[in-house]
Amino acid sequence: MSRLHSFIQRVQAQLACLDEAARLIKDVPGVVLELGLGNGRTYDHLREILPGREIFVFDREIAAHPDSRPDAAHALLGDFRETIPAAAKRFPKQVALIHGDIGSGNKEATLALARTVAPMLAPMLAPGGLVVSDQKLDVPGTTPMKLPQNLPEGRYYMVRA
Ligand SMILES: C[S@@+](CC[C@H](N)C(=O)[O-])C[C@H]1O[C@@H](n2cnc3c(N)ncnc32)[C@H](O)[C@@H]1O
């Protein structure tokens, strides 16, 4: 499969899972966390499908399209390994949705990051809260969910507290 085809499959799955997550957390109170602002595409989509939800964004720095940048109060900048534990203290059981889009070109580094980050997310999830991610995140206290639209397992990941 060409890289273009694989990219298209990934973003289609991302879109379907985020839309499904927005439906599933309709009655789950709490804030939303976007891990990996990047260009800001998925942040922009989350803003659109979750009007009125407070969204906090994590990345090393802001490098997003100017139209897709959070204000300073909602940008938690620095390495995930420092900013996520700080957020866990700030938002105990107060997060309705975490979207993790943390992959880089380096597969081994991405897998190591996913293993480190996953347990840090557990204390933040509200009951019924979701983690939707590009990497498999083994978050304690969550159950894996089937993907929407008959997407094959492993194309994207969804777990629920
Ligand atoms: C795949 S991109 C996110 C793309 C974005 N969701 C979008 O739709 O445009 C991954 C982002 O995660 C960030 N990132 C990766 N590892 C990180 C780490 N350890 N700490 C903070 N940010 C990190 C990178 O800087 C990059 O912007």
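Numbering of ligands and ligand atoms starts at 1, following listing order.
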Backbone N/O of Ile62 and side chain of Asp59: donor-acceptor pair under 3.5 Å: no

Any donor-acceptor pair under 3.5 Å linking the side chain of Glu34 with the backbone of Tyr43? yes

When you measure from the side chain of Thr83 to the backbone of Asp79, do you find a donor-acceptor pair of N or O atoms at a distance under 3.5 Å? yes

Contact table, ligand 1 N/O with protein N/O, distance under 3.5 Å:
from     : atom 1 : to     : atom 2 : distance (Å)
ligand 1 : 6 (N)  : Gly36  : O      : 3.0
ligand 1 : 6 (N)  : Thr42  : OG1    : 2.8
ligand 1 : 6 (N)  : Asp101 : OD2    : 2.8
ligand 1 : 8 (O)  : Arg41  : N      : 3.4
ligand 1 : 8 (O)  : Thr42  : N      : 3.0
ligand 1 : 8 (O)  : Thr42  : OG1    : 3.2
ligand 1 : 9 (O)  : Leu37  : O      : 3.4
ligand 1 : 9 (O)  : Asn39  : N      : 3.0
ligand 1 : 9 (O)  : Gly40  : N      : 3.1
ligand 1 : 9 (O)  : Arg41  : N      : 3.3
ligand 1 : 19 (N) : Asp79  : OD2    : 3.3
ligand 1 : 20 (N) : Phe80  : N      : 2.9
ligand 1 : 22 (N) : Arg60  : N      : 3.4
ligand 1 : 25 (O) : Asp59  : OD1    : 2.6
ligand 1 : 27 (O) : Gly38  : N      : 3.3
ligand 1 : 27 (O) : Asp59  : OD1    : 3.4
ligand 1 : 27 (O) : Asp59  : OD2    : 2.6

Can you tell me if Arg160 uses its side chain to pair, donor with acceptor, with the backbone of Thr143 under 3.5 Å? no

Is the shortest side-chain N to carboxylate O distance from Asp44 to Arg47 below 4.0 Å? yes

Looking at every heavy atom in both Asp134 and Gly103, which two are closest together, and how far apart are they? OD2-N, 2.9 Å

